[in-house]
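Worksheet for the structure shown next.
Throughout, protein chains are lettered first and strands after them, A, B, ... in sequence-line order, and every chain is numbered starting at 1. Atoms considered below: every heavy atom in the structure, side chains included; atoms not considered: hydrogens, waters and symmetry mates.
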Amino acid sequence: MRLSRYFLPILRETPKEAEIASHRLMLRAGMIRQEAAGIYALLPLGLRVLDKVCRIVREEQNRSGAVELLMPTIQSADLWRESGRYEAYGKEMLRIKDRHERDMLYGPTNEEMITEIFRAYVRSYKDLPLNLYHIQWKFRDEVRPRFGLMRGREFLMKDAYSFDVDLAGARHAYNRMFVAYLRTFARMGLRSIPMVAETGPIGGNLSHEFIVLADTGESEVFCHRDYLDFEVPGADVDFDSIAGMQAIVDKWTGLYAATADKHDAAAFAELAPEKRLSARGIEVGQVFYFGTKYSAPMKALVAGPDGVERPVHMGSYGIGPTRLLPAIIEVFHDEAGIKWPDAVAPFTVAILNLKQGASDTDAACERLHSALAAKGIDTLYHDLDERPGSKFATADLIGIPWQILVGPRGLAEGKVELKRRFDGSRELVSPAEALARLGA
RNA sequence: CGGGGUAUAGCGCAGCCUGGUAGCGCGUCUGCUUUGGGAGCAGAAGGUCGCAGGUUCAAAUCCUGCUGCCCCGACCA
């Protein structure tokens, strides 16, 4: 992609409303545009990152055995009256009327709707287990949206719903999603720690929040320091192994870890002082088991081997892709800008032409650009007529993992400079070597 | 929802107290010179001063109401 043909409205100065680093950087890097309190447009650069985040989420959901569908954003109030939540949910739910004065709502979550879909088709234990998910926009009319995408009112959520014939089955479904979450966040470069959590309005009695440690996190958290060194299961982990899944979950829940709501100061105090980690964190996901809370009132019943119909056991599992963008930035940034992990970077490579209009640098950049494009490597070619310093600043700000600096100085020796944004390291190599290094 | 702020050019701000031609920096546009860490010179464009009332000869400025947005707290993927 040529920058001259792209839409990258970067800001040199920080908009005054942005308090935390991620919000500031997302605005400055031209990733998002606020349209109302807690409501944002994703600009091209932001959308690229969101797409990469969603791709990872999808791959790991699918790997764990979940099946994707897509439910609407607008729901009928009647569905929510069945579960009793139409009254219970309160002002966070955006309620609207259609032209026939029917009560509708913009979905804050989808337990009711997925239960309705499930009960319409599934009757037998033979069709279980089942885990259905979608990635869809949600609206929660937060009293106080803040920190940009971190706490918006409209946000993208991956929500999965598991259906099992009994508690043991539901437990395995919970464990699989638990492991999928560990892998999902790890692939984005994030170290997430599962913590015992409140269940809130979703209900149920078993729940973990996946927390990414960051100084600007909204949650106060307490955990055992050893979690920082735990190894995340590999791609070859067997999601069908009941014992295997349980063992992983047991390991990841064996040490103390809790958010402030569930914090047990006495238990925490029993840890060796050097193992106590008291920090702030960002909640990037949450898993719940809530049994028959929705299936019983909504009559989502399945017949067991004995022919008796019973309410299906359910769990729900959320990840906030739009929140992951700021969460990743909070962890990976410096004074100059964002430092994207490769897996979620909007572009993998930035080519900086340090003397635009000079025939040798122009030609070298064109060759690099087409070679990388031919290999399908996401490349942003900074071909604007700007001075080198300005291009460096832009590239650092938007955080592209690799920069190829093409200037007359290096070209005189047949070299370009390959710079790693993550640690600032750089080396002089031939264009061919640079391409080889980048897999092209 | 309680408390506190704020609204002037795309962004950051001054002007308001003490009413009288709307300003600065950055960015944008044109030209020339420049080109390895946000260039220099010269010129130019760009604002119903959030909205609605009121006071006044005259309102960005004073008064009233409304709205948007931000921050702190209580609540949340």
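The side chain of A/Ser390 lies closest to B/G38, out of B/U35, B/G38, B/C75. Checked against B/G37, B/C1, B/C69, the side chain of A/Ala36 finds its nearest nucleotide in B/C69. Of the listed nucleotides (B/G37, B/A74, B/C71), B/G37 has the atom at the smallest distance from the side chain of A/Lys419. Considering only the side chain of A/Arg426, B/G37 comes nearest among B/U34, B/G38, B/G37.
Base-pair partner of B/C1: B/G73 (Watson-Crick or G-U wobble, both distances under 3.5 Å). B/C13: Watson-Crick or G-U partner is B/G23, with both key distances under 3.5 Å. Here B/C29 sits opposite B/G43 as a Watson-Crick or G-U wobble pair (both hydrogen-bonding atom distances under 3.5 Å). As the counterpart of B/C49, no nucleotide is assigned, since no Watson-Crick or G-U wobble pattern has both distances under 3.5 Å. The base-pairing partner of B/U67, taking Watson-Crick or G-U wobble contacts with both distances under 3.5 Å, is B/A7.
For the C1' atoms, the distance from B/G12 to B/U6 is 15 Å, rounded to whole Å. Nucleotides B/G10 and B/G46 are separated by 12 Å at their P atoms, to the nearest Å. Rounded to whole Å, the separation between the P atoms of B/C69 and B/U33 comes to 49 Å. For B/A14 and B/G47, the C1' atoms lie 15 Å apart once the distance is rounded to whole Å. Using C1' as the reference atom, B/C71 and B/U61 are 26 Å apart when rounded to the nearest Å. Separating the C1' atom of B/G4 from that of B/U18 is a span of 27 Å, rounded to the nearest Å. Nucleotides B/A22 and B/C16 place their P atoms 16 Å apart, quoted to the nearest Å. To the nearest whole angstrom, the two C1' atoms, one in B/A9 and one in B/A60, are 14 Å apart.
For the pair A/Glu386 CD and B/U28 C1', the interatomic distance rounds to 13 Å; values are reported in whole Å. Between A/Ile20 atom CD1 and B/C70 atom P there is a gap of 13 Å when expressed in whole angstrom units. As a whole-Å value, the separation of A/Leu384 CG from B/G27 C1' is 14 Å. Counting to the nearest Å, the P atom of B/G68 and the CD1 atom of A/Ile39 are 12 Å from each other. Taking atom CZ on A/Arg421 and atom P on B/G37, their separation rounds to 17 Å, with Å as the unit. Note: CG (A/Asp385) to P (B/U28) measures 12 Å, nearest angstrom. One interatomic measurement links the two molecules: CG of A/Leu27 to C1' of B/C70, which rounds to 13 Å at whole-angstrom precision. A straight line from CG of A/Leu8 to P of B/G27 spans 17 Å, rounded to a whole angstrom.
Residue A/Lys91 is classed as a sugar-phosphate contact, given heavy-atom separations below 4.0 Å to backbone atoms only. Here A/Leu405 lies in heavy-atom contact (under 4.0 Å) with a base. Using a 4.0 Å heavy-atom cutoff across all strands shown, A/Gly357 reaches no nucleic acid atom at all. Residue contacts shown for A/Ala358 are absent, as no nucleic acid heavy atom lies under 4.0 Å away. A/Glu218 comes within 4.0 angstrom of nothing in the nucleic acid, heavy atoms only. Nucleic acid contact class of A/Gly424 (heavy atoms, under 4.0 Å, all strands): none. Using a 4.0 Å heavy-atom distance criterion, A/Asp159 is classed as making no nucleic acid contact.
Contact annotation: A/Arg12 does not reach the phosphate of B/C26 (side-chain N/O to OP1 or OP2, under 4.0 Å). In this model, the phosphate group of B/C70 is approached by a side-chain N or O of A/Gln34 to a distance below 4.0 Å at OP1 or OP2.
Note: A/His313 and A/Tyr289 have parallel aromatic rings, judged against thresholds of 30 and 60 degrees for the angle between ring planes.
Among all heavy-atom pairs drawn from A/Glu116 and A/Met298, the shortest one is N-CE, 4.2 Å. Here the shortest heavy-atom pairing between A/Ala440 and A/Ile377 reads CB-CD1, 3.9 Å.
Less than 6.0 angstrom separates the ring centroid of A/Phe210 from the ring centroid of A/Tyr181.
Mapping A/Arg144 and A/Lys355 onto RNA chain B via the closest heavy atom, the residue that lands nearer the 5' end is A/Lys355. Both A/Gly407 and A/Thr322 sit near RNA chain B, but only A/Gly407 has its closest nucleotide nearer the 5' end.
In the interface, the side chain of A/Arg28 is paired with the base of B/G38 through a donor and an acceptor atom under 3.5 Å apart. Remark: the A/Arg146 side chain and the B/G73 base include no donor-acceptor N/O pair separated by less than 3.5 Å.
Annotation: cation-pi geometry not satisfied between A/Lys339 and A/Phe332 (NZ/CZ under 6.0 angstrom from ring centroid, within 45° of ring axis).
The backbone N or O of A/Leu384 lies less than 3.5 Å from a partner atom in the side chain of A/Lys391, making a donor-acceptor pair. Remark: side-chain polar atoms of A/Arg33 are not paired, donor with acceptor, to backbone N or O of A/Leu43 under 3.5 angstrom.
Counting only heavy atoms from C-beta outward, the side chains of A/Leu324 and A/Ile319 approach each other to under 4.5 Å.
One finds a salt bridge joining A/Glu111 and A/Arg85 here, because a Lys/Arg side-chain nitrogen approaches an Asp/Glu carboxylate oxygen to under 4.0 Å.
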Using a cutoff of under 3.5 Å, can you pull out all pairs of nitrogen or oxygen atoms linking the protein to nucleotides 10-13 of chain B, with atom names and distances?
from	atom 1	to	atom 2	distance (Å)
B/C11	O2	A/Glu13	OE2	3.3
B/G12	OP1	A/Lys16	N	3.1

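For A/Phe268, the ring-ring contact (aromatic ring centres under 6.0 Å, His included) partners two or more places apart in sequence, or in a different chain, are A/Phe222, A/Tyr256, A/His263. With sequence neighbours left out, the ring-ring contact (aromatic ring centres under 6.0 Å, His included) criterion links A/Tyr317 to no other residue.
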